[in-house]
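To start, the structure under review is shown below, and the notes come after it.
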Amino acid sequence: MLDIKLLRDDIDRIKIELEKRGYSLDVKKFKLLDSDRKLLQVKVEDFQSQRKKLSEEFGKLKSSGDDTTNLKVRIDEINNDLKKASNELDKILESLNIFLLDIPNIPHSTCPEGVDETDNIVIKKYGSVNSERKEDHLSITNEIDTDMATKIAGPRFAVLKGDMAKLQRALISLMLDIAIKNGYQEYYVPFMANKDSLTGVGQLPKFEEDLFKTTDGLYLIPTAEVPLTNIFRGTTINHNDLPIKVTAHTPCFRSEAGSYGRDTKGLIRQHQFEKIELMQVCHPNQSMDDLEGLLNNAKEILDLLELPYQVIELCSGDLGFSSCKTYDIEVWMPGQNKYREISSCSNFSDFQARRSNIKFKDENNKKMLAHTINGSGLALGRTLIALIENNYDSDKKLISIPKALQKYFDKDYINI
RNA sequence: GGAGAGUUGGCUGAGUGGUCGAAAGCGCCUCCCUGCUAAGGAGGUAACUGGGUAACUGGUUCGAGGGUUCGAAUCCCUCACUCUCCGCCA
């Protein structure tokens, strides 16, 4: 959520900023809503003030045994007017809130301008692509079974067997250990979250169709960002403790509404996938530097896994709803002959903090909104694909396991 | 699942219809005294928010929401959460 004061004081600039990410701010509507709000609020508070005074008087009359009927008539009138006005005010406030919740974050000044993903900028490529290898993970191993998953659950699920299941488990351990080494505290969190938590990170109310909702009103988390960020909802942190770094391994559940027909084969796009999430609460002055640090934490995993990848910076038009700046890490996938997203590292500035009421006390003991940043470190399913496809030697019929992972996997290759 | 107790300011905790945004204590801040330290004394100290260039001034908030009443921290209803005991389980 944006600061309503920004809209009041500087709406023309905000409109231009939001234009960059393809959001058209209805300036007229806001001005109308807010001026109505102002009028009504002053009116309501005036009525309240009058009632307060008269009620006090009423009490005095009553206790001295005087007649109160005249006064009661006046109070009743005021109460009537008050009720009308405050009902109107409630409606305006509700509309205003809906209006605000719908507005995405403002792109950061360093965010490159652009319309869609074709305008994203490749920052740097790492490692070298082996063009010999182009086989798809599903054709390499039969230990990833989507047919079985379809029987058990439906499309867009997968069953991992034997070495594949173990490989994923090894990756989880490696990634968590690296995160801990980098100063993140490990958490185990609920895989379901309530409405407030999802509204706090910006997932609701706008993107409900992307989520799975349970019969009693909870949602399956689409990312550990939800529980991790909400650890801090409604709390105030001492500035000395910033940044706070947390991590968790969780499954993620996404309905993938609107992606019918896209990436239907294999592990690429699933209703359920595993992910290690890195999340930080930062000082506003530090959050951009901290984002670079978080990006490095994610890159470190890919370096350790010896996988070729590139870092891209999303242009303003491709930015997620809550983000003001995002780097994507894309890993080389031989089966698709292209780079695919394996981590997305974003700075949300105070956007989530305002929705979630995450504050910190600064040097002068003043409470201010903190900044939140997060990114994957990494998405497990896609890491698995990259590892299988990049490391598969079709002559020797084996998948080699990178050195850093061997102590977690116990073997240095998988026989096919 | 059954029974009971609770939820008040930074903290502890009083408050059963108006004089209560709220006693007292702790903590914190300012000042005084004291040649260190310890102790003592005086005063101050909730958050959010509206209007106003400002001085200033208004409103809301005692777990959440609704109700009764001229008036609610206080009475009634619903819900959430916490704790204790019993039962059941991983």
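Every chain is numbered from 1, with letters handed out A, B, ... down the list of sequences. Since this is a predicted model, take the numbers as computed values, not measurements.
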List the atom pairs, donor and acceptor, that lie under 3.5 Å between side-chain atoms in residues 373-382 of chain A and the rest of the protein, sequence neighbours left out.
unit_1    : atom_1 : unit_2    : atom_2 : d
Asn374(A) : ND2    : Glu225(A) : OE1    : 3.4
Ser376(A) : OG     : Ser344(A) : N      : 3.3
Arg382(A) : NE     : Ile268(A) : O      : 3.0
Arg382(A) : NH1    : Glu341(A) : O      : 2.9
Arg382(A) : NH2    : Ile268(A) : O      : 3.0

inquiry  = Roughly how many Å apart are C48(B) and G10(B), using the P atom of each and rounding to a whole number?
reply    = 10 Å
message = Checking Lys52(A) now: which residues fulfil side chain to side chain contact (heavy atoms under 4.5 Å, CB included) with it, not counting sequence neighbours?
response = none
note = What residues 76-84 of chain A contributes to the RNA chain B interface at heavy-atom separation below 4.0 Å is Asp76(A), Asn79(A)
query = Nearest-Å distance, CG (Leu93(A)) to P (C48(B))?
reply = 18 Å
key: Partner set under side chain to side chain contact (heavy atoms under 4.5 Å, CB included) for Thr236(A), not counting sequence neighbours   = Lys359(A), Lys361(A), Lys367(A)
query = Ignoring hydrogens and angles, are the base of G58(B) and the side chain of Glu45(A) linked by a donor-acceptor pair under 3.5 Å?
reply = yes
task = Calculate the interatomic distance between Arg354(A) atom CZ and C48(B) atom C1'; express it in whole Å.
result = 15 Å
inquiry  = Holding to side chain to side chain contact (heavy atoms under 4.5 Å, CB included), I want the full list of residues that pass it with Pro104(A), two or more places apart in sequence or in another chain.
reply    = Leu18(A), Arg21(A), Tyr23(A), Phe321(A)
inquiry  = Run the side-chain hydrogen bond (donor to acceptor under 3.5 Å, both in side chains) test against Glu389(A) and tell me which residues pass, sequence neighbours left out.
reply    = His137(A)
task = Would you check if the side chain of Ser356(A) reaches a backbone N or O of Ile358(A) as a donor-acceptor pair within less than 3.5 Å?
result = no
message = Rounded to whole Å, how long is the line connecting atom CG of Leu71(A) with atom P of G71(B)?
response = 12 Å
request  = Under 4.0 Å from any atom of RNA chain B, heavy atoms only: list the residues of residues 31-39 of chain A that qualify, in numerical order.
outcome  = Arg37(A), Lys38(A)
message = Once you measure the plane-to-plane angle for Trp332(A) and Tyr339(A), does it fall in the parallel (<30°), tilted (30-60°) or perpendicular (>60°) bin?
response = perpendicular
Close approaches to RNA chain B from residues 46-62 of chain A, in residue order (heavy atom, under 4.0 Å) = Gln48(A), Ser49(A), Arg51(A), Lys52(A), Ser55(A), Phe58(A), Gly59(A)
task = Pick the C1' atom in G52(B) and in A64(B), then give their distance to the nearest Å.
result = 34 Å
ask   = To the nearest angstrom, how far is Lys195(A) atom NZ from A64(B) atom P?
value = 19 Å
query = Please give, in whole Å, the distance from G18(B) C1' to Ile75(A) CD1?
reply = 12 Å
message = Need to verify one output field. Residue with the more 5' nearest nucleotide on RNA chain B, Lys72(A) or Lys359(A)?
response = Lys359(A)
task = With sequence neighbours excluded, tell me which residues meet side chain to side chain contact (heavy atoms under 4.5 Å, CB included) with Ser139(A).
result = Glu135(A), Asp136(A)
ask   = So what does the secondary structure string of RNA chain B come out as, 5' to 3', with Watson-Crick or wobble pairs under 3.5 angstrom, [ ] for crossing and | for pairs with another strand?
value = ((((((((.[[[..)..(.....]]]((((((.......))))))((((((....)))))).[[[[[..)....]]]]])))))))....
request  = Go through the steps to decide whether Arg37(A) and Asp34(A) satisfy the test salt bridge (Lys or Arg N to Asp or Glu O under 4.0 Å), and finish with yes or no.
outcome  = CA-CA 5 Å; Arg37(A) 186 221 99 238; Asp34(A) 197 49; 2.6 Å; yes
query = Listed by chain and number, what are the side-chain hydrogen bond (donor to acceptor under 3.5 Å, both in side chains) partners of Ser287(A), not counting sequence neighbours?
reply = Asn347(A), His371(A)
query = Donor-acceptor pair, Arg13(A) side chain versus Leu6(A) backbone, under 3.5 Å?
reply = no
message = Suppose you measure atom C1' in A24(B) against the same atom in G9(B); what distance do you get, rounded to whole Å?
response = 13 Å
query = Restricting to pairs with a member in residues 291-309 of chain A, which pass side chain to side chain donor-acceptor pair (under 3.5 Å), not counting sequence neighbours?
reply = Tyr126(A)-Lys299(A), Lys181(A)-Glu300(A), Asn182(A)-Glu300(A), Tyr184(A)-Asn297(A), Glu292(A)-Tyr327(A), Asn296(A)-Lys299(A), Asp303(A)-Tyr309(A)
